[in-house]
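Some notes on the structure that comes next.
All ligand and atom numbering here is 1-based and tracks the order in the structure. Keep in mind that the numbers below use all heavy atoms, side chains included, and drop hydrogens, waters and symmetry copies. Note that the structure is predicted; figures quoted are calculated from it, not measured.
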Amino acid sequence: MIIVMRHDATSDQVKAVVTQVEAHGMRTHLSDGDERTVIGVIGTNPFALRDLFVEAPGVAEVVPITKPFKLSNREFRARDTRIPIGDHVVGAEDVWIVAGPCSVDGEAIFLETCRQVKAAGAHALRGGVFKPRTSPYSFQGLRGDGIAILGEARRQTGLPLVCEVLAPADIDTLAGLADVLQIGARNMQNFALLSEVGRLRKPVLLKRGMSATIEEWLLSAEYILSQGNYEVILCERGIRTFETYTRNTLDLNAVPLVKELSHLPVIVDPSHGTGRRSLVTAMALAGVAAGAHGLMVEVHAQPELALSDGAQSITPEAFRQLVEQVESVAAALGRGARVPA
Ligand code: PEP
Ligand code: MN
C-alpha cells in the first residue's frame, strides 16, 4: 500500500504517519518526489490499516499496490531511479557501458584489456574473481589473487568496477573494492545473498535468472530494496528457450516492459544473451534501441585464451566499433548527452 501525502503536507505530518504505521508493526519506505511524498507501507495485509490513514492530517490518498512487487513498482516511485557510478548516472538518458573480461584470468592480459576498453569508451570495468561455473572442474576464478588485480585495474584506469559476489561471506571483501556488486543469474533467487546485499549502501547489479519470469526478477530486486538499499540495476542477460544455436535468448521485450512496471534502471548483456561473439554487437544495438539504460559486454584482449566465456568475448577493437555504433543509435534516439553525476 502507498500513502500519498498532500503536496503541502509538513514534515511533521509525514513523520506522524510513519510513526503510526510502524507502531502497527509495518515497515515504511519514503519516496520524496518533486511534488509530494509517498510512504510505502510494507507488511502483511497493510491495506487493513487504510481507514486509520485516509483522514490523517496531510494525507491525500491511500492506494493499494496490487502487484506483488511494491518498492520496485512505478506506482511507488513514478520517477526513474538514477544511480551515480563514477562520473556517470545510470538510469539517465545516456547509455552506461560496462566492459571487460568474463573473469580476471591473468594480470597482464586483464590490465591490457581494461586499458583498451577504457580507451574505447567504457564507463566501468567488469571482471569476475569468483566464477559461478556449471561444472566444478571449470576455472572457478582467481579469488584473492584476482581481487588484487582488480584493485590495480581500478588504480590504472580510474574506472569503477562491477564484480560478482557469490556468497555472503565474500561480500565485505568485495564491497571494499567494487563500486557495484553483481548478483549473477544463478543466484537471482539466493534470498540470503539478496538480503545481505540489501543491507549495504552500494549499487547492486541484479541479473535475471535464466528461467525467471519478469515478476520473479522484480521480486528478487524487492529483497534488496526492502532492506533499504534502493540502488538496484536490473540486467537482462537472456533466458532459456528451446533454441540451441544461441546460448540463451535475449529477451528484449523485458526492457520496455520493465521500464513500464518499474522505476529501476535496466541494462542488457548481449554476451551471455547470445553466447556467440558474432551476435554481440547486433544485440547490443538492439538493446539500446529497445531503451536499455546500459550494456554489459564481455571483452578480452585474447578471447581464444580466456579461461571463461571466450566464445562470446569480443576483442577490444570490435568493442571500439561497438561503442561507436552504440553512440550513433543513442544519438538517433536523442540519448547522446552525458548527464553529470
Ligand atoms: C557473468 O557475468 O560472467 C555471468 C556469470 O553472468 P550470468 O550470471 O548472467 O550467467
Ligand atoms: Mn561470463
Mind checking whether [X] has an N or O less than 3.5 Å away from an N or O of ligand 1?
X	result
Q182	yes
R247	no
M296	no

State the atom name: nearest N, O or S atom of D309 to the Mn ion (ligand 2). OD2
By atom name, which N, O or S atom belonging to E298 lies closest to the Mn ion (ligand 2)? OE2
Report the nearest protein non-hydrogen atom to [atom]: residue, atom name, distance rounded to 0.1 Å.
atom	result
atom 9 (O) of ligand 1	R237 NE, 2.6 Å
atom 5 (C) of ligand 1	E164 OE1, 3.7 Å
atom 6 (O) of ligand 1	K207 NZ, 3.0 Å
atom 4 (C) of ligand 1	H272 NE2, 3.4 Å

Please check if I42 and I2 belong to a single hydrophobic cluster, counting links between Ile, Leu, Val, Met, Phe, Trp and Tyr side chain heavy atoms closer than 4.5 Å. yes
Is there a path of hydrophobic side-chain contacts, each under 4.5 Å between heavy atoms, that joins V18 and V62? yes
Nearest 0.5 Å, please: how far is NZ in K207 from CH2 in W217?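 Rounded to the nearest 0.5 Å, the CH2-NZ separation comes out at 10.5 Å.
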With a 4.0 Å cut-off on heavy atoms, is E298 in contact with ligand 1? yes
Of the backbone atoms (N, CA, C, O) and the side-chain heavy atoms from C-beta on, which set of M210 has a member under 4.0 Å from an atom of ligand 1: side chain, backbone, both, or neither?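 Neither; nothing of M210 gets under 4.0 Å from ligand 1.
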Might you point out which heavy atoms bring E164 and L174 nearest each other, and give the distance in Å?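 Looking at all heavy atoms of both residues, the shortest contact is O-CD1, 3.2 Å.
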A178 versus C163, closest heavy-atom pair with distance: CB-CB, 4.0 Å
Which is closest to atom 8 (O) of ligand 1 in terms of heavy atoms, C102, G127, A185?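 The option holding the nearest heavy atom is A185.
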Close-contact set for ligand 1 against G184 heavy atoms, below 4.0 Å: 8 (O)
Does [X] pair with [Y] as a salt bridge, N-O distance under 4.0 Å?
X	Y	value
K202	D179	no
E298	R126	yes
R277	D309	no

Passing option when D94 is tested against R335, H293, H88 for side-chain contact (heavy atoms from CB on, under 4.5 Å): H88
